[in-house]
Amino acid sequence: MEILDLLQRRRSNKQFGDIAPNEEQLQHILKAALRAPDHGKMKPYHFVVIEKSGMGKLREYLNAAAIEFEMDEKNAAKADKLSSQAPMVIGIVAKIDHQSPKVPAWEQIVTAGCATYAMQLAANAQGFETVWISKKWVEGTAIRHAFGCTEGDKIIGLLLIGSPKEDDGISLAREAEDPTSFVSFIR
Ligand SMILES: Cc1cc2nc3c(=O)[nH]c(=O)nc-3n(C[C@H](O)[C@H](O)[C@H](O)COP(=O)(O)O)c2cc1C
């Protein structure tokens, strides 16, 4: 796929087939993350790859969060379902140095966000659907512990990745959007 076409028409999808990226495809995804713009070359992130065999554990962490935050039935059910939606999940932890004299926390979080988006695009480019999920669950004690978070860290997302549900390739927006109303110029 043409890179500009992907950039202009990518979309998220919560429906997945059974196939996860293989080792080589996963490496491409992770290597894309490492080239996110990064003030001070801090690499302020950590990625936790959850494969099919680890989904039972992810389910435990998310269910624990539902209890911890006293979620209503609807959200508890969503938390329970999340681990069965995609064949691979990558957890993204923003490893924030709150003492950095040069790079404020917000810049480090943006870098982790750019890394996440780079992973989405690298997955799309290899024929995989993705969706970035966060919600309150990612603040749970169990998942934070499992992801190796220290106090100042923030889990910014669970990136669900998998093959398209149907055999006809990844879903894309029909056409690029018109940016006119989001742009001004100084000339
Ligand atoms: C930081 C972040 C957190 C998100 N968390 C959720 C979420 O918890 N649940 C959800 O349905 N979508 C969430 N989204 C939005 C989806 O990933 C997706 O972008 C949205 O459904 C719009 O689809 P599109 O990417 O095709 O425009 C989040 C996006 C970002 C950037």
Side-chain angles (χ1 to χ4, degrees), residues 1-36 43 45-66 74-94 111-138 140 142-149 155-177:
M1 187 187 305
E2 287 286 331
I3 191 159
L4 280 178
D5 197 35
L6 173 59
L7 288 169
Q8 293 176 15
R9 292 175 57 220
R10 69 145 291 277
R11 70 189 317 172
S12 306
N13 196 334
K14 291 180 180 166
Q15 306 290 321
F16 298 94
D18 285 339
I19 302 168
N22 62 28
E23 186 52 38
E24 189 187 350
Q25 290 164 328
L26 176 62
Q27 287 302 314
H28 286 310
I29 290 168
L30 295 170
K31 284 176 183 173
L34 298 191
R35 289 308 309 140
K43 299 248 185 299
Y45 38 62
H46 179 73
F47 309 116
V48 181
V49 179
I50 302 153
E51 300 181 318
K52 269 188 200 159
S53 56
M55 290 301 172
K57 286 185 186 157
L58 179 62
R59 187 177 181 199
E60 280 173 30
Y61 309 145
L62 294 172
N63 281 329
K74 193 174 147 209
N75 280 305
K78 275 191 185 173
D80 188 54
K81 205 181 129 203
L82 196 61
S83 59
S84 60
Q85 277 179 236
M88 177 175 280
V89 175
I90 302 180
I92 301 100
V93 183
T111 289
C114 289
T116 306
Y117 183 51
M119 291 198 284
Q120 290 196 281
L121 293 170
N124 292 153
Q126 297 179 92
F128 294 98
E129 300 281 20
T130 70
V131 66
W132 179 344
I133 298 290
S134 56
K135 289 245 166 77
K136 184 77 179 164
W137 312 307
V138 296
I143 194 167
R144 283 183 58 81
H145 180 74
F147 283 11
C149 293
I155 298 175
I156 63 161
L158 299 172
L159 185 58
L160 278 56
I161 305 177
S163 54
K165 189 145 181 93
E166 308 295 337
D167 232 5
D168 53 358
I170 59 167
S171 54
L172 293 167
R174 203 172 308 141
E175 55 188 22
E177 290 186 42

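Between K14 and I133 the shortest side-chain heavy-atom distance falls below 4.5 Å. At least one side-chain heavy atom of C149 sits less than 4.5 Å from a side-chain heavy atom of I155. With contacts defined as side-chain heavy-atom distances shorter than 4.5 Å, the pair L82/V89 does not qualify. T130 is not listed as a side-chain neighbour of L160, based on a closest heavy-atom distance of 4.5 Å or more. The shortest side-chain heavy-atom distance between F16 and S163 does not fall under the 4.5 Å cut-off. Side-chain atoms of I50 and Y61, non-hydrogen and from C-beta on, never get closer than 4.5 Å to each other.
Scanning all heavy atoms of the two residues, the minimum distance from A66 to A79 falls at CB-CB, 4.4 Å. Residues S83 and R59 approach most closely at OG-CB, 3.2 Å, considering heavy atoms. The minimum heavy-atom distance linking A115 with A36 is given by the pair N-CB, 3.5 Å. Nearest heavy atoms, Q15 versus N13: N-OD1, 2.9 Å. Across all their heavy atoms, S171 and S12 have their closest contact at OG-O, 4.5 Å. Summarising the geometry of A112 relative to A94, their closest heavy-atom pair is CB-CB, 3.9 Å, with the distance given to 0.1 Å.
Between the side chain of Q126 and the backbone N or O of A122, at least one donor-acceptor pair lies under 3.5 Å. With hydrogens and angles ignored, the 3.5 Å screen pairs no side-chain donor or acceptor of D80 with any backbone N or O of A76. Remark: the backbone N or O of P164 is not paired with any side-chain donor or acceptor of E129 at under 3.5 angstrom.
The CG atom of L172 sits 9.5 Å away from atom CZ of R10, with the distance rounded to the nearest 0.5 Å. Within the model, atoms CD of E51 and CD1 of I90 stand 9.5 Å from one another, a figure rounded to the nearest 0.5 Å. Atom CD1 of I170 is separated from atom CG of N124 by 4.5 Å, given to the nearest 0.5 angstrom. To the nearest 0.5 Å, atom CG of residue L158 and atom CH2 of residue W132 are 11.0 Å apart. Rounding to the nearest 0.5 Å places NZ of K52 at 14.5 Å from CG of L58. Rounding to the nearest 0.5 Å places CG of L159 at 10.5 Å from CE of M88.
Checked against Q27 for a side-chain hydrogen bond (donor to acceptor under 3.5 Å, both in side chains), the options Q25, K31, E23 give a single hit: E23.
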* Begin from the C-alpha positions of K135 and K78 and carry the test side-chain contact (heavy atoms from CB on, under 4.5 Å) through to its verdict. => CA-CA 10 Å; K135 289 245 166 77; K78 275 191 185 173; 4.1 Å; yes

* To do: Determine, step by step, whether M119 and F47 satisfy the side-chain contact (heavy atoms from CB on, under 4.5 Å) criterion, reporting the C-alpha distance in whole Å, the side-chain angles of both residues, the deciding distance to 0.1 Å, and the verdict.
  => CA-CA 11 Å; M119 291 198 284; F47 309 116; 3.6 Å; yes

* Working for side-chain contact (heavy atoms from CB on, under 4.5 Å), residues T116 and Y45 -> CA-CA 10 Å; T116 306; Y45 38 62; over 6 Å; no

* Could you give me the CA-CA distance, side-chain angles and deciding distance for V93 and I156, then say whether side-chain contact (heavy atoms from CB on, under 4.5 Å) is met? => CA-CA 6 Å; V93 183; I156 63 161; over 6 Å; no

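Heavy atoms of other residues, nucleotides or ligands lying less than 6.0 angstrom from CD1 of I19 number 12 at most. Other residues, nucleotides and ligands contribute only 12 or fewer heavy atoms inside 6.0 Å of the CG atom of D18.
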